[in-house]
S.K.: 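Structure incoming, see below.
Keep in mind it's a predicted model, so treat the numbers as computed, not measured.
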Amino acid sequence: MHFVPSGLRRLALFAPLLAAACATPGVQTEQMPPPVASAPESAAPAVVDTGAPATAPAEPRAFPTSLQAPDETPWLYEGSNIPVDRDWRFGVLDNGLRYATRENGVPPGQVSIRIRIDAGSLHENDDERGFAHLLEHLLFRQSRYLGVGEAIPTWQRLGATFGNDTNAITSPTQTVYQLDLPEADPAKLDEAFKLLSGMIQEPIINETNVRTEVPIVLAEKRERGGPGERVARQSRETLFNGQRLANRNPIGDEATLMGASAEAVEAFHERWYRPQETVIAVAGDADPVALARLIETYFGDWQVAGGVSQEPDFGDPVAPEGTAPDNPVGETAVLVEPDLPRSLTFAIMRPWEPVQDTIRYNEGLLMDALAQSLINRRLEARARGGGDYLYAQVQQEDVSRSADATFVSFAPLTEDWQAALSDVRGVIADATTTPPTEEELEREIAEFDVAFVAGVEEADVEPGSQLADTLVNAVDIRETVASAQTILDVFRGMRARVTPQAILERTRALFEGEVVRGVYVTPQGGEADTQNLRMALAEPIEADGSARIAASTVDFDELPQLGAPGEVVSAQPLGVLEIERVELANGVTALLWPNEAEPGRVAVQVHFGAGIRAFDEEEAPYISLGEAALVSSGFAGLDQEDIDRLATGRKFGFDFSVGLANFTFSAETREADLADQLYLFAAKLALPEWDERPIDRARAGARLAYDTYVTSPGGLLNRDLETLIRDGDPRFATPSPAMIEETSAQGFREVWEPLLKQGEIEVLIFGDFERATAIEALKTSFGALPERQPIDPATLAPQPGTPPAGEREVLYHRGDNNQAAAVVAWPVGSGLANIAEGRQLEILGQVVMNRLFDEMRERAGASYAPQVRVDWPMDDVGGGTILALAQLRPGDVTAFYAAADEIVADLAANGPTADELARVTEPLRQTILRATTGNGFWMWQLRGATRDPQRLRVISGLLNDYSQTTPQRMQALAAKYLASEPIEIAIVPEGTELAE
């Protein structure tokens, strides 16, 4: 019997709203048009005449004859002894198409469909580079049942957002079409499978569609360009030298794309889009047999003439002639990019071989993972202890069925990259010559075990979308899927064979291969060349055991007490769901919600202080440094290594963020560790340590990263946008190296120490726990803290400003000269007093985005994905904005401004159409309904509710505010907020003069 945890049921709070929302989805003035069958008069026909005879789909069969019997080995598990995950139902159609279906109620009502084609960029001929990805675009443009440009609006009318619920991914080895369909009743599912079958089997590939879509693909390619893309391309060419992967990037080649013809693309489709090359995975809130019946109905008659094409030879990594067999260093590259930080990657390359996915094979993979975890912990310890690199990591990866490789990546702190390389290689050499200690090994085993146990505990709430993704990706790498319990059983069952000597042998194998290749990226020419990089990699290295972490234990019982346990002075229902408001004698307040929505998980948030408002402008650099280093600088006598030891075999979190109105500690833990998790957060407030090493490391990282932002328009937006829309306020800026140089570990303490003592504390605990456990944990942690110091009321006044309207800021990047970006921002409000208006603005923002999408992407090919963001802070702190942005060609910047002006002027004068609202409000309604099934949504909505009752009052209107509106309401909001002169920001290449 299918079981949906009680916390995932639709919440009674929304029951009255759901009835109204379902009756008239999104628009109060008229009913939303039925999907596909009815479209605006100006739209293309929903059904397209392809020239082929119109054939009605076959009548659904009573029971799918293609389903494999329960006692039959499913196609995915042939040749494997992995226990079959019987929650999946497997089938094979007569035409060779394979599928798997599964019932899953997370989130309720949703069905996730994945259609995988076993062809990606590695399957392209030289004159087809980019065709796999171009074809993905063309399937969304027009197909048997969908007119030109109708795919996205149709999915939106069905409640699926474009990009999140409806998308596709092209990789070197596969193309996967994704649909997460909300409220998937039988009629919706039938429509979805029909439309998808038309897209996959009968896309309309003509010259008009190809010529329209190629500029959009090139816009996507352009937005990914710049130094980062150059490094990725040149690294790929070096590391996979001689293999197809070296020059088969899924985005494609510009010359090949520009020369693409409908006939050539059609030939690629006919060659690879065949039932024998297709796998469909469906997981969701529906009968798996009914899902199998739909697959049979809409894909059972799919036939393609001719035989199946043979997969091309992807090639193997091969060492150049003359390389030393004991250390076969081959191709190397030194890439000079003035705006990128130093980084060095070398890879030990082995041929990829198909495997039999057996238990013993997976035991080997688990031992490899333990070996890598041991090395990475030592590399991190070395970095913390003063190594010559900022970070380092080892990772084994099977890459695109082309190589089994072990990658070693690190970031030298200075131009002395040889010293950093010696540091890293020395740690690895020790791991390949001397077995780990039993204590080290037990530590890693404990970490893995707690993760696998969590997987078992949380299996019932694994989203259907994730299950479907896991299955198609297993097909891609030619392996199976296993239940969380199977994974835990295999891991625990191999324990006797996991010895230090066994791990040593697996470690040695990870660093043996056919060839070693390396790439060094540096901002400074002359530091290295390919020859001395090759020599450095080939040079003998001595094992360095100094990074081994000495055996020691840290016990909670030895940690200092925070004070006498506090008492609960008030406990009463909050008035929302079954959430309880608790107040302790020292003034700490808490919200407790024990629920089974996410079994095994307990989410914790701690809010205190005044957030960004607490900082003077001179203290601005310490904001980001605090987010990076405050927790790791220690507490209660513990440094970062002690904290890591304390967390061994436990489930802790240590996230810290600085918001507009407060500071937040957050974690995902479990009931068994809840008391200790609360102690750790409370100890940071009461007993902070100020270890200088994490602070100095954060300062070094900030300096190294800063120049990377100037390499692209997107980088500059990430660096400067928040400060630009707030009149240059440095508290919202990314600190420059000059600003970082003015900071110090002592200054860090002087800024943060008083802030940890100020402001009321609110603790939120939502999840799978017992109330009594949480109450006791609160009393001995936050309840034991001394009285808090008050915050200066002047600090709490709204502060962030906005620049004068009508101004245009021009920034210059140092990336590719065909890249630019444009931003238009309108100031809006903040706070709860008018939050309903803020939520309605989200609807308006989505309408603006759809129009910009049509104008800049569909009609002009100028931008791949224009975005609109609405930010209405719930706290009354000012700084709210509606922001539209796009990455585009420099010559299209002014066209973007013109398009934005025209769109908002029309909306202010005429408002949107009813169909435009239906395309926006139904996906928003579905997004809200799905979000309400998780604890994170309610924690976000209710933060601050222990002291501000207004947060409770505004919740009842939340679903209505986001999904119910009228064209007249949207017109009024556009006239109020968008009719004024906006703030404009342009980012263009250096040396470019922005056209007026």
Side-chain angles (χ1 to χ4, degrees), residues 25-27 30 32-33 35-36 38-44 46 137 140-142 146-167 182 212-213 216 219-220 822-824 826 839-870 882-888 892 895-928 962-967 969-971 973-974 977-978 982:
V27 183
E30 62 180 90
M32 182 182 75
V36 179
S38 177
E41 291 182 357
S42 60
H137 280 242
F140 277 92
R141 172 153 294 281
Q142 187 182 9
L146 289 166
V148 176
E150 266 298 293
I152 293 171
T154 298
W155 296 123
Q156 289 174 329
R157 295 183 192 109
L158 288 169
T161 60
F162 177 62
N164 292 324
D165 298 326
T166 310
N167 212 332
T212 304
E213 205 63 41
I216 297 172
E220 182 181 0
V823 177
V824 184
W826 297 266
R839 293 167 178 166
Q840 290 274 293
L841 283 174
E842 186 67 44
I843 301 175
L844 181 61
Q846 294 292 305
V847 171
V848 173
M849 184 166 72
N850 280 346
R851 289 197 180 186
L852 277 173
F853 186 92
D854 291 341
E855 182 67 30
M856 302 305 296
R857 172 178 163 135
E858 292 295 314
R859 295 192 179 92
S863 178
Y864 174 63
Q867 298 291 317
V868 174
R869 185 188 79 189
V870 178
I882 300 178
L883 187 145
L885 65 89
Q887 296 191 61
L888 25 70
D892 291 323
F896 175 81
Y897 292 138
D901 288 346
E902 183 178 345
I903 288 168
V904 300
D906 181 69
L907 288 171
N910 305 307
T913 67
D915 182 64
E916 281 186 292
L917 288 186
R919 287 176 54 191
V920 167
T921 53
E922 181 61 10
L924 278 174
R925 185 176 77 91
Q926 297 295 344
T927 297
I928 294 296
Y962 277 117
S963 64
Q964 298 290 306
T965 194
T966 65
R969 177 66 171 144
M970 292 293 100
Q971 180 183 353
L973 287 176
Y977 288 107
L978 303 181

S.K.: Please find the pair of heavy atoms, one from Leu888 and one from Ala862, that lie closest to each other, and give the distance.
M.R.: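 Where Leu888 meets Ala862 most closely, the heavy atoms are CB-O, 3.2 Å.
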
S.K.: Please check this pair: side chain of Asp906 against backbone of Glu902, looking for a donor-acceptor N/O pair closer than 3.5 Å.
M.R.: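 It does not hold such a pair.
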
S.K.: Kindly give the heavy-atom pair with the smallest separation between Pro923 and Ala918, and that separation in Å.
M.R.: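 In this case the closest contact between Pro923 and Ala918 is CD-O, 3.9 Å.
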
S.K.: Could you tell me the separation between the CG atom of Leu852 and the CZ atom of Arg857, rounded to the nearest 0.5 Å?
M.R.: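 Here the interatomic distance stands at 13.0 Å.
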
S.K.: Holding to side chain to side chain donor-acceptor pair (under 3.5 Å), I want the full list of residues that pass it with Gln971, two or more places apart in sequence or in another chain.
M.R.: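 None.
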
S.K.: Determine, stepwise, if the pair Val848 / Leu978 fulfils side chain to side chain contact (heavy atoms under 4.5 Å, CB included).
M.R.: CA-CA 11 Å; Val848 173; Leu978 303 181; 4.3 Å; yes

S.K.: Rounded to the nearest 0.5 Å, how far apart are CG of Leu841 and CD of Gln846?
M.R.: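 So the CG of Leu841 and the CD of Gln846 are separated by 12.0 Å.
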
S.K.: With a 4.5 Å cut-off on side-chain heavy atoms, are Arg157 and Glu150 touching?
M.R.: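 Yes, their side chains come closer than 4.5 Å.
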
S.K.: Once you measure the plane-to-plane angle for Phe162 and Phe853, does it fall in the parallel (<30°), tilted (30-60°) or perpendicular (>60°) bin?
M.R.: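 The arrangement is perpendicular - the two ring planes meet at more than 60°.
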
S.K.: Looking only at heavy atoms, what is the nearest atom pair of Pro182 and Gly159, with distance?
M.R.: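 Nearest pair, atom of Pro182 first, then Gly159: CG-O, 3.2 Å.
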
S.K.: Measure across Gln840 and Arg969 and return the closest heavy-atom pair with its distance rounded to 0.1 Å.
M.R.: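 Closest pair (atom of Gln840, atom of Arg969, distance): OE1-CG, 3.3 Å.
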
S.K.: From Met849 CE over to Ile903 CD1, what is the distance, rounded to the nearest 0.5 angstrom?
M.R.: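 One gets 12.0 Å once the value is rounded to the nearest 0.5 Å.
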
S.K.: How far does CE of Met856 sit from OH of Tyr864, to the nearest 0.5 angstrom?
M.R.: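 Output value for this atom pair is 16.0 Å.
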
S.K.: So which heavy atom on Ala886 is nearest to which on Phe896, and how close?
M.R.: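 That closest heavy-atom pairing would be CB-CE1, 3.6 Å.
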
S.K.: With heavy-atom distances below 4.5 Å as the criterion, would you say the side chains of Asn850 and Glu916 are in contact?
M.R.: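 Result no, sub-4.5 Å side-chain heavy-atom pair not found.
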
S.K.: With rounding to the nearest 0.5 angstrom, report the CG to CG distance, Leu844 to Leu907.
M.R.: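 With rounding to 0.5 Å, CG (Leu844) is 6.0 Å from CG (Leu907).
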
S.K.: Has Gln887 got a side-chain atom pairing as donor or acceptor with Ala865's backbone, closer than 3.5 angstrom?
M.R.: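 No, Gln887 side chain to Ala865 backbone: no donor-acceptor pair under 3.5 Å.
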
S.K.: Are any non-hydrogen side-chain atoms of Asp892 and Ser863 less than 4.5 angstrom apart?
M.R.: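 Sidechains of Ser863 and Asp892: no contact.
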
S.K.: Would you say Tyr977 and Val904 make side-chain contact, with heavy atoms under 4.5 Å?
M.R.: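 Contact flag for Tyr977/Val904 side chains = no.
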
S.K.: Side chains of Arg141 and Ile216: does their closest heavy-atom pair fall under 4.5 Å?
M.R.: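 Sidechains of Ile216 and Arg141: in contact.
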
S.K.: Answer yes or no: is there an ion pair linking Arg925 with Glu922, defined by an N-O contact shorter than 4.0 Å?
M.R.: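 Counted as a salt bridge, because a side-chain N and a carboxylate O are separated by less than 4.0 Å.
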
S.K.: Among Leu973, Thr965, Val870, find the one that has a side chain to side chain contact (heavy atoms under 4.5 Å, CB included) with Ile843.
M.R.: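 The side chain to side chain contact (heavy atoms under 4.5 Å, CB included) with Ile843 is passed solely by Thr965 among Leu973, Thr965, Val870.
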
S.K.: In Å, rounded to the nearest 0.5 Å, how long is the span from CD1 of Ile928 to OG1 of Thr921?
M.R.: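 That separation rounds to 12.5 Å.
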
S.K.: List the atom of Thr166, the atom of Ala160, and the distance in Å for their closest heavy-atom pair.
M.R.: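 Heavy atoms only, the tightest pair is OG1-CB, 3.5 Å.
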
